[in-house]
Amino acid sequence: MLKTHSCGELRAEHVGQIVTLAGWVNRTRDMGGVIFIDLRDRNGKTQVVINAGDNPQDFATAEQVSREYVVQVTGEVGLRPEGMNNAELPTGDIEVKVNQFVVLNPSKTPPFMIDRDDVTDETLRLKYRYLDLRRERMQRNLIIRHKAIKFIRDYLDERDFLEVETPILFKSTPEGARDYLVPSRVHPGKFYALPQSPQQLKQLLMVAGYERYFQIARCFRDEDLRADRQPEFTQLDMEMSFVERDDILNLIEELMVGMVKHTSLVPLAHEVFPRLTYREAMERFGTDRPDIRYGLELVDVSDIAGASAFKVFAENVANGNPVKAICVPGAGDYSRKEVGELEEIAKANGAKGLASMALSSETGEMKGFITKFFTVDQLIALTERLGAKPGDLLLFASDTKSVVYSVLGELRNELGTRLGLKDTGTLAFTWVIDFPLFEEGLEDGHYAPSHHMFTSPKRDQIPLLDTNPGEVLSEQYDLVCNGFEVAGGSIRIHERPLQRKIMELIGFSFEEAKAQFGHMLEAFEYGAPPHGGIAPGIDRLVALMAGEPNIREVMAFPKTAQATDLMSDTPSEVVSKQLKELHIALAMPEKS
RNA sequence: GGGGGCGUGGUGCAGCGGUUAGCACGCCGGCCUGUCAAGCCGGAGGUCGCGAGUUCGAAUCUCGUCGCUCCCGCCA
């Protein structure tokens with residue numbers, strides 16, 4: 001080794017020892033006759049001192065180095081003089097008095113400063129990612145990521161889970177997201193697909209009798225990016241046999257609590273995760289991924305509003321639709337412009353308009369043009385139902401259920417941000433259970449699975465498949481944290497007849513099913529155990545635990561929003577020989 | 001595919017029809033033996049992303065284009 005200690009570990013107890021350190025020059029402070037260098041490696045920073053009088057030769061060398069030079073120093077660990085300690089550094093009580101100074105490798109001046117977190121231009125950070133990764137923030141994030149994954153592996157290993165690798169080259173299925181395809185050289189015109197997740201394979205491992213499987217699995221989806229979506233990402237993919245829903249939920253909940261306590265910079269809001277049904281989540285929060293860090297909940301006022309003289313409300317309620325409202329504390333003095341902005345959000349989510357009432361902060365009197373359609377008793381009932389106080393703003397949505405949910409859900413989200421109600425210092429997990437088996441409405445005259453076609457209906461709901469399939473609830477569950485979906489899973493169908501019935505309902509012909517899932521269906525005929533699983537998204541969880549707004553910050557080499565890598569210029573063209581070997585001809589889009 | 005934001009010395013920003021295009025940090029040179037975002041003195045460094053247009057005059061206005069980013073669509 002070229003070093004005896006790391007740059008983060010020397011303390012007062014090491015005083016007197018001769019040590020060798022190696023690392024990067026973080027900063028130099030040349031005082032004329034004495035030079036201080038902060039030497040940095042992954043573990044921290046240590047101050048080294050070189051004195052012109054004691055060591056003229058090395059002093060001359062040290063005068064020449066600058067930021068990011070790689071150097072090796074040997075010397076005695078000494079206590080810093082009285083009053084010269086640096087309380088900011090763990091190594092701040094000591095320094096290394098150099099008597100040998102070696103430049104292992106010089107460095108160009110980097111395009112940005114490593115020890116300051118001031119670069120905002122993503123182009124630069126990603127082009128010089130290897131320099132960006134030297135910075136404390138990125139090192140901290142990747143360490144959190146490592147710790148989280150290590151915790152997961154240990155936790156599941158202790159519980160008799162087996163980590164099994166599954167193929168990256170596998171079969172394309174037109175379901176779900178767009179696949180990344182890999183052409184086959186050996187089989188002209190045929191393609192592999194990179195897995196969107198190891199979904200099928202983990203179920204086959206259950207058929208194979210492994211009972212408890214997990215994998216830190218890379219997944220690929222060729223869809224447009226978001227702050228929480230990259231084309232390749234990592235899931236904790238896991239599956240268990242002979243379990244019911246709550247077995248999975250309890251296991252994962254304990255895992256999450258342990259992992260957050262062990263690794264997270266941001267603490268848990270609560271150690272018992274609330275379990276909301278899908279219906280409850282929609283009715284209270286207007287979304288299936290509720291952020292429960294703050295209130296502003298949706299309140300049903302259909303009975304009061306429906307009895308009012310306001311035609312829009314009354315007619316809508318008469319048609320069996322709801323009127324719901326949220327009470328926005330302290331927003332009663334919002335300007336016409338601010339309320340107008342909220343109305344724009346409502347319209348963007350399908351509303352025809354946005355009705356509101358403001359409670360005067362002095363008198364508590366109700367203002368707003370719709371108030372005149374309400375009796376005094378109705379207004380009192382409204383304020384009581386909504387818990388409204390003087391100075392509050394009431395926002396109403398009246399439309400179909402799904403429009404009401406999305407309008408108020410989005411307004412709640414926006415106002416939560418505007419009013420600063422989203423506590424960034426806490427992680428608020430919640431389960432969402434009892435999802436509908438099928439998506440609302442028919443697609444080409446058939447039902448569409450809301451999760452995937454192997455998701456089991458709730459046992460007691462199976463008879464409903466014959467009479468009212470749209471109402472059937474499933475064994476699907478999601479884990480949500482601070483409004484982000486961080487895991488999704490289900491108990492699967494393991495019996496052939498039930499699987500066939502679901503396929504019929506979603507309009508899958510026997511032939512289609514056989515071509516796409518023949519191996520699955522056949523496997524299920526050889527004694528498939530009852531099983532289920534879940535797949536937490538590692539990138540999102542680590543980003544939340546690191547307090548980062550974007551999953552790029554917890555990935556070593558992420559891609560841009562255009563799915564490119566600026567460091568290596570990927571994707572790039574290939575030579576025609578490669579295309580020829582793969583039997584591929586290009587059909588480029590026309591430039592207009 | 002659509003919409004919003006951003007693009008000015010190496011970095012972060014200011015300037016938003018007429019300025020010698022400004023500030024901080026960094027960089028280069030000098031001074032300095034206890035600094036730790038060292039300090040002091042001096043200096044270099046800019047085709048204002050690119051292209052076209054409007055104008056007597058464009059970093060500034062318009063259009064196009066490229067890059068980064070956020071959102072909708074898409075995506076479990």
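Lettering follows sequence order; numbering is per chain, from 1.
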Looking only at heavy atoms, the pair that brings A:I506 and A:F438 closest together is CG2-CE2, 3.6 Å
Say you pick atom C1' in B:rC28 and the same atom in B:rC71; how far apart are they, in whole Å?
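45 Å, rounded to whole Å.
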Could you tell me from which nucleotide to which nucleotide of RNA chain B, 5' to 3', there is an atom under 4.0 Å from chain A heavy atoms?
B:rG1 to B:rA76
Pair assignment for [N], Watson-Crick or G-U wobble, requiring both distances under 3.5 Å:
N      : value
B:rA21 : none
B:rG7  : B:rC66
B:rA38 : none
B:rG73 : none

Can you tell me if A:S172 and A:D179 form a side-chain donor-acceptor pair at under 3.5 Å?
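A pair is found: one side chain offers a donor N or O, the other an acceptor, under 3.5 Å apart.
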So, A:Y477 and A:D434: side-chain donor and acceptor under 3.5 Å apart, yes or no?
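No, because no side-chain N or O of A:Y477 sits under 3.5 Å from a partner of the opposite role on A:D434.
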Can you tell me how far CZ of A:F454 sits from CE of A:M503, rounded to the nearest 0.5 angstrom?
8.5 Å
Determine the interplanar angle of the A:F435 and A:Y278 rings, folded into 0 to 90°, and report it as parallel if under 30°, tilted if 30 to 60°, perpendicular if over 60°.
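The arrangement is tilted - the two ring planes meet at 30° to 60°.
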Looking across every strand, which nucleic acid part, if any, lies under 4.0 Å from [X] by heavy atom: base, sugar-phosphate, or nothing?
X      : result
A:P81  : base
A:R80  : base
A:N550 : sugar-phosphate

Decide if atom CD of A:E244 counts as having more than 12 heavy atoms of other residues, nucleotides or ligands within a radius under 6.0 Å.
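At most 12 heavy atoms, drawn from other residues, nucleotides or ligands, come within 6.0 Å of this atom.
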Using heavy-atom distances to pick each residue's nearest nucleotide on RNA chain B, tell me which of A:R221 and A:P110 is more 5'.
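In this pair, the answer is A:P110.
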